[in-house]
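Here's the structure we're looking at; comments come further down.
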Amino acid sequence: MQGFEARFHDGVTARVEPVRLVPPLGGQGAIEILASDDASRDRWPVETLYTVPTRKGTLRLGSTARPAGARLEVTGKAEVQRLLDLLPGIGHRRTADRRRQLGVIGLATAALGSLIIAYVVGVPLLARNIVGLVPAAWEESLGATVAVQIEQALSQGAGFAVCDPDPQSLANRAIARFAHSVAAGTGTPFSPRISVIRSDIPNAFALPGGQAYYFSALLDRTSSADEFAGVLAHELGHVVYRHGLEGLVSTSATGLLIGFVLGDLTGLSIAGGLGSALIDTRFSREAEREADRFALDAARRLGFRPAGLADLLDRISEDDRMSRALALLSTHPLSEERRAALEDMDSGGETLSPAFTPIEWQAIKSMCAEAEGPRSSVSIGERPGSQSRQRDLVPLETAP
Amino acid sequence: MTDRGEDTDVGSARFVAGRWPLFWLLLRGYLLMLPTLGIYRFWLTTQTRRFYWTNTLIGGEPLEYTGNALQLLVGFFFAVAFFLPLYIAFFYFATQGGDVAVIGYGVVGLLFWFMTGYALYRARDFRLSRTLWRGIRFDQRGSAWAYAARRFLWSLVVLATLGLAYPFMAASLWRYRWTHCFYGDRRFAFSGSWRTLAGPFYRLYFGLLILAVIAFIIAVTLEGRAWPWLVFGSLFLLCAFLGWYHYRARTLSRLYSCVTLGAARLDLRVRARILVGQVLAYGALALLWSILCFVGGIIVVILLLGEGAVASGLPDAADLARLARTGWAEVALVIGSYLGFVGGLALLGEVVFGYGYWALLARGARVSGLESLASVRAAAEDRSVVGEGLADALNIGAY
């Protein structure tokens with residue numbers, strides 16, 4: 001039998017015509033399309049032929065020289081194979097196209113891969129540069145907003161109870177003096193403000209714009225003026241480096257990148273959240289180290305013992321199994337790691353003097369003891385939603 | 001001459017592929033997404049569509065999907081360009097408190113809702129204009145903006161009437177979609193109206209409302225006991241579940257059966273029990289998969305941490321975190337298992353619901369008057385559609 005039975009669509013009308021195909025001898029020339037009365041219906045030059053993906057056991061051909069919808073379809077496994085053998089160019093073109101597709105996939109993957117690497121390496125730099133462009137006044141108003149949100153979240157809408165509201169008290173004056181001397185010479189546009197707050201959570205954190213908090217539960221466990229000074233200096237490090245704003249920038253950028261990989265730009269998927277958390281953890285660990293180094297620097301300048309910060313972290317982490325368990329996703333490096341880092345930095349040797357006089361320290365220690373106000377009813381383990389905008393010393397998931 | 005076997009059932013649509021080829025196609029695609037950082041999804045989507053299209057035969061002639069993965073990739077870039085300003089807006093709102101943030105998020109939420117309509121229409125345009133049958137392309141004309149505005153305003157009306165206006169909305173949107181839909185130079189028509197849906201919709205609406213009131217009254221009269229809540233609550237949920245799929249089946253059949261193309265008309269029968277069967281099948285498979293993953297996960301954790309590590313019985317969050325801390329390989333393992341689990345569920349979803357829905361439509365459809373379509377001529381080429389990235393990005397893409 002000569003030729004192949006096929007169905008023909010001319011791509012101009014919706015008619016289906018049964019035709020017979022006669023491939024050229026030697027695979028060169030044109031494929032002859034004969035109508036049912038053996039009259040020539042069309043001729044498709046072989047070099048214009050391309051295959052169209054279709055179901056198994058079927059060959060579907062188009063021609064670049066014909067309307068885009070024009071098709072020839074041959075069915076039957078054996079027939080298809082026989083025809084393909086007579087038209088070797090088609091197979092080659094199919095392989096070439098497949099190779100092209102692979103090339104595009106490889107290129108796109110490489111591009112995305114380098115984007116991710118550039119991001120992970122470069123975002124701290126990028127975030128810092130963007131943060132440098134943000135006016136200080138804007139960050140201060142951001143800090144004020146965040147302060148309201150965090151107060152509401154942590155005190156269940158009741159607002160923070162400040163331990164010693166009189167700014168002229170001995171304790172508050174000593175703290176303000178300390179904050180001022182730590183910030184002096186760093187070139188920070190912010191004037192740091194530190195409030196000691198009544199709360200059951202052993203924590204301290206700084207907000208964008210210069211506001212920092214020290215919770216009474218942490219003060220209870222703070223046993224020396226050096227420890228207190230170390231924590232304050234660490235928090236002021238976050239303020240000076242503008243880590244809060246930096247975190248906000250990098251979180252937004254990470255969300256965009258993860259959305260790019262997963263294809264879900266709304267960022268609502270769990271995988272997106274998990275991925276963002278993992279990447280952001282990296283950045284915030286770096287921020288913690290930076291704040292530790294800042295605290296150490298301040299200790300050197302002011303002459304107090306920097307290991308106090310590590311002592312306190314040790315004490316807190318002893319009864320803090322949960323925070324270790326969640327270390328991977330927590331925004332904080334492990335205490336052991338930090339302790340080692342802090343002690344490495346703690347070269348000693350200089351004349352060490354307490355950051356606060358014994359009388360001042362006594363006054364600070366008793367700031368929250370005197371007042372009779374109702375204790376904040378925050379339950380332990382609660383965490384504010386806007387975690388990326390605050391920089392806390394220890395994770396809030398703290399088991400008693 | 002070809003003796004075309006389908007002569008016996010000209011007019012009916014057929015879907016000639018089984019589930020397993022789709023399963024293997026998806027499995028391969030999901031695995032390839034890992035080394036390609038997700039880029040492969042555009043190719044997988046293209047292959048999945050080719051699978052559905054080429055295995056669907058109407059009057060013996062298969063559909064053909066002429067789109068390719070690069071178009072989807074480009075469309076995705078457009079979506080990113082759309083989302084970028086929104087990201088900056090979100091960043092700004094996050095730094096603002098009180099009214100600014102509330103109003104800002106509200107405006108963005110409304111914008112999203114509006115753009116969902118736009119994206120759906122463009123996605124439909126993308127798919128239809130890349131669907132070839134008997135050498136002639138389909139097309140979706142009309143304006144995606146007009147459609148989005150129509151859908152947005154109707155949804156406000158539906159909200160204001162507590163859902164009672166829904167049949168009017170659905171009829172209006174279906175009419176817009178189909179009367180702007182073309183096969184070559186021939187235009188589709190839609191003969192349905194709100195009455196097409198009214199019966200099933202209001203029956204479901206008021207049926208459930210009455211049932212809820214009765215259940216509530218009975219449970220309150222027998223106050224102080226938990227079992228009435230439990231019994232009537234589950235009864236209500238069961239009725240809502242079955243009622244919903246009954247409604248879905250009825251309205252799908254009716255709405256599609258209102259679609260005509262010149263002298264050709266579509267007649268669709270969808271059975272509710274098949275829809276319910278799909279849900280049950282998916283539930284059972286998903287449960288099985290979850291159990292498998294859970295058991296497998298425990299075994300892996302025990303192997304990695306040693307038997308002593310999980311002495312207390314089941315591994316808890318702390319054990320997992322410890323596992324995650326031991327090194328990057330373990331972190332990769334944790335993330336990999338999570339992706340495997342979620343990917344498995346997505347795969348099952350596509351094989352059960354995606355395939356099921358397509359097969360249901362294709363197999364339940366009968367087309368009469370096909371011979372009248374022989375005179376349809378091709379329309380001018382339409383290459384303007386860049387893709388449907390927005391729909392994908394908004395997570396509303398279908399096939």
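Labels below follow one simple rule: chain letters A, B, ... track the order of the sequence lines, proteins then strands, and each chain is numbered from 1.
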Exercise for the section: Please report the closest heavy-atom contact between B:A378 and A:G11, naming both atoms and the distance. Expected result: CB-O, 3.5 Å
Handout entry: Smallest separation among heavy atoms of B:R134 and A:A14, with atom names
Key = NE-O, 2.8 Å
Find out whether [X] and [Y] are in side-chain contact, i.e. whether some heavy atom of one side chain is under 4.5 Å from a heavy atom of the other.
X      : Y      : result
A:R60  : B:P62  : yes
A:V104 : B:W43  : yes
A:T13  : B:V376 : no
B:L57  : A:R55  : yes

Exercise for the section: Supply the atom-to-atom distance A:L102 CG to B:T36 OG1, rounded to the nearest 0.5 angstrom. Expected result: 11.0 Å
Practice task
Calculate, to the nearest 0.5 Å, the distance between atoms CD1 and CZ belonging to A:I105 and B:F42 respectively.
Solution key: 11.0 Å
Fill in the blank from the handout: Paired with A:T54, the side-chain contact (heavy atoms from CB on, under 4.5 Å) test is passed by just one of B:N55, B:L63, B:T54, namely B:T54
Problem - Region of A:E73 in contact with chain B, defined by heavy-atom distances below 4.5 Å - result: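 Only the side chain of A:E73 comes within 4.5 Å of chain B.
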Practice task
With a 4.5 angstrom heavy-atom cut-off, could you sort out which part of A:V148 is near chain B: side chain, backbone, both or neither?
Solution key: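 A:V148 has no heavy atom closer than 4.5 Å to chain B.
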Relative to chain A, which segment of [X] carries a heavy atom at a distance below 4.5 Å: side chain, backbone, both, or neither?
X      : value
B:F341 : neither
B:S375 : neither
B:P35  : backbone
B:R50  : side chain
B:Y183 : side chain

Handout entry: Heavy-atom pair count under 4.5 Å with chain B, highest-scoring of A:Q101, A:R71, A:R15
Key =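 The answer is A:R71.
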